[in-house]
Amino acid sequence: MKVVVLAGPESSGKSWLAAQLHAHFGGLVVGEYVRYFIDHHQRDTCLADIPAIAHGQLAWEDDARAERPHLLILDTHLLTNKLWSQTLFGDYPAWLDTELLARHYDLHLLLSPEDVEWTADGQRCQPELADRQAFFQDSLAWMQAHQQPVVVIRGDWEERRNAAFSAVQQLLDA
């Protein structure tokens with residue numbers, strides 16, 4: 001089983017690209033638990049919600065891992081929970097670091113916020129490109145500090161799809 005994580009700021013195409021990868025390569029896609037959480041609770045999140053959101057994300061990921069698909073595509077992972085918690089609330093549960101590093105990820109596709117427009121969807125809150133660029137840089141810094149396999153995905157939608165397809169194909173061929 002190969003595990004690919006789509007990472008990066010909001011409105012950079014993670015969910016779209018997860019669907020594109022799934023349609024092309026098959027496998028199994030795990031969505032963003034926080035979207036389910038917000039839809040279910042019908043309110044903004046707070047710091048006290050982060051453990052429930054993170055545990056929900058982990059449960060979805062672990063359930064998918066148990067199915068052992070040839071390709072597991074994660075629309076997000078705990079790094080996003082950690083960075084959003086830091087961004088919105090100035091803190092995060094320390095156990096997120098341990099849990100994040102305890103799991104093996106074969107490839108991170110880190111999506112840049114440049115070259116695609118921000119789209120409001122009722123849950124997004126960073127319309128300013130500079131804020132999304134900071135989130136991208138924080139994601140990249142964490143991946144580099146923890147020697148995670150990462151390919152940065154840039155460009156328009158077609159360029160993003162092509163770069164991601166190429167990176168996943170290389171992973172599967174290895």
Side-chain angles (χ1 to χ4, degrees), residues 3-19 28-65 72-154 160 164:
V3 182
V4 175
V5 178
L6 294 157
E10 65 182 23
S11 202
S12 59
K14 294 182 299 293
S15 298
W16 170 81
L17 193 51
L28 188 59
V29 176
V30 174
E32 247 184 312
Y33 185 83
V34 69
R35 290 188 165 278
Y36 165 80
F37 184 92
I38 292 170
D39 287 344
H40 181 74
H41 292 281
Q42 295 293 306
R43 63 175 171 77
D44 289 338
T45 60
C46 63
L47 181 58
D49 294 327
I50 299 303
I53 292 167
H55 283 300
Q57 190 68 49
L58 287 175
W60 282 8
E61 179 182 328
D62 290 344
D63 287 349
R65 284 178 182 268
L72 179 56
I73 304 163
L74 304 177
D75 189 346
T76 192
H77 70 353
L78 288 186
L79 178 59
T80 300
N81 296 140
K82 173 185 172 171
L83 294 178
W84 269 115
S85 187
Q86 285 178 309
T87 298
L88 296 174
F89 313 119
D91 198 8
Y92 70 94
W95 61 266
L96 292 180
D97 291 320
T98 304
E99 288 294 325
L100 185 56
L101 293 172
R103 286 168 169 72
H104 175 77
Y105 302 103
D106 295 291
L107 177 63
H108 292 80
L109 299 176
L110 178 58
L111 281 70
S112 167
E114 286 113 14
D115 302 319
V116 293
E117 289 189 30
W118 183 83
T119 304
D121 71 356
Q123 292 187 8
R124 294 179 177 151
C125 63
Q126 286 190 321
E128 297 301 320
L129 179 59
D131 293 333
R132 296 191 316 279
Q133 286 172 321
F135 193 96
F136 171 85
Q137 289 301 328
D138 290 344
S139 299
L140 182 60
W142 182 90
M143 290 175 198
Q144 290 172 335
H146 296 285
Q147 300 177 332
Q148 297 293 304
V150 61
V151 171
V152 173
I153 304 294
R154 291 188 162 87
R160 286 168 191 259

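Owing to the predicted nature of the structure, the values given are computational and were not obtained by experimental measurement. Scope of the values below: all heavy atoms of this structure, side chains included, with no hydrogens, waters or symmetry mates.
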Once you round to the nearest 0.5 Å, how far does [atom1] of [X] lie from [atom2] of [Y]?
{"X": "R154", "Y": "L110", "atom1": "CZ", "atom2": "CG", "result": "8.0 Å"}
{"X": "D49", "Y": "L88", "atom1": "CG", "atom2": "CG", "result": "11.0 Å"}
{"X": "E32", "Y": "N81", "atom1": "CD", "atom2": "CG", "result": "8.5 Å"}
{"X": "I153", "Y": "D115", "atom1": "CD1", "atom2": "CG", "result": "12.5 Å"}

So which atom in [X] and which in [Y] form the shortest heavy-atom distance, rounded to 0.1 Å?
{"X": "A54", "Y": "W95", "result": "CB-CH2, 3.6 Å"}
{"X": "V116", "Y": "S11", "result": "CG2-O, 3.8 Å"}
{"X": "P127", "Y": "R132", "result": "O-NH1, 2.8 Å"}
{"X": "R160", "Y": "P113", "result": "NH2-C, 4.3 Å"}
{"X": "I53", "Y": "Y33", "result": "O-CD2, 3.5 Å"}
{"X": "V30", "Y": "Q57", "result": "CG1-NE2, 3.9 Å"}

Taking side chain as C-beta onward, heavy atoms only, is S85 less than 4.5 Å from L47?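 When only atoms from C-beta onward are counted, L47 and S85 do touch, with a gap below 4.5 Å.
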Identify each donor-acceptor pair in which a side-chain atom of residues 135-142 lies under 3.5 Å from a protein atom, sequence neighbours left out, and give them as a table.
residue : atom : partner : partner atom : Å
S139    : OG   : F135    : O            : 3.0
W142    : NE1  : H146    : NE2          : 3.1

Measure up the H41 and F37 rings against each other and bin them: parallel (under 30°), tilted (30 to 60°), perpendicular (over 60°). tilted
Can you list every pair that meets salt bridge (charged side-chain N to carboxylate O under 4.0 Å, His left out) and has a residue in residues 97-114, with sequence neighbours left out?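 Pairs touching residues 97-114 that pass the test: E61-R103, D62-R103, K82-D97, E99-R103.
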Out of L83, T98, L58, L101, which one pairs with L78 under the side-chain contact (heavy atoms from CB on, under 4.5 Å) rule?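 With L78 as partner, L83, T98, L58, L101 yield a single side-chain contact (heavy atoms from CB on, under 4.5 Å), made by L58.
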Check against side-chain contact (heavy atoms from CB on, under 4.5 Å), F89 and I50: CA-CA 10 Å; F89 313 119; I50 299 303; 3.9 Å; yes
So, does [X] use its side chain to make a donor-acceptor pair with the main chain of [Y] at under 3.5 Å?
{"X": "D39", "Y": "Y36", "result": "no"}
{"X": "S12", "Y": "S112", "result": "no"}
{"X": "K14", "Y": "P9", "result": "yes"}

Check step by step if salt bridge (charged side-chain N to carboxylate O under 4.0 Å, His left out) holds for R35 and D75. CA-CA 11 Å; R35 290 188 165 278; D75 189 346; over 6 Å; no
Could you check L79 against V5 for side-chain contact (heavy atoms from CB on, under 4.5 Å), going step by step and ending with a plain yes or no? CA-CA 10 Å; L79 178 59; V5 178; over 6 Å; no
Residues that T45 engages under side chain to side chain donor-acceptor pair (under 3.5 Å), provided they are two or more places apart: none
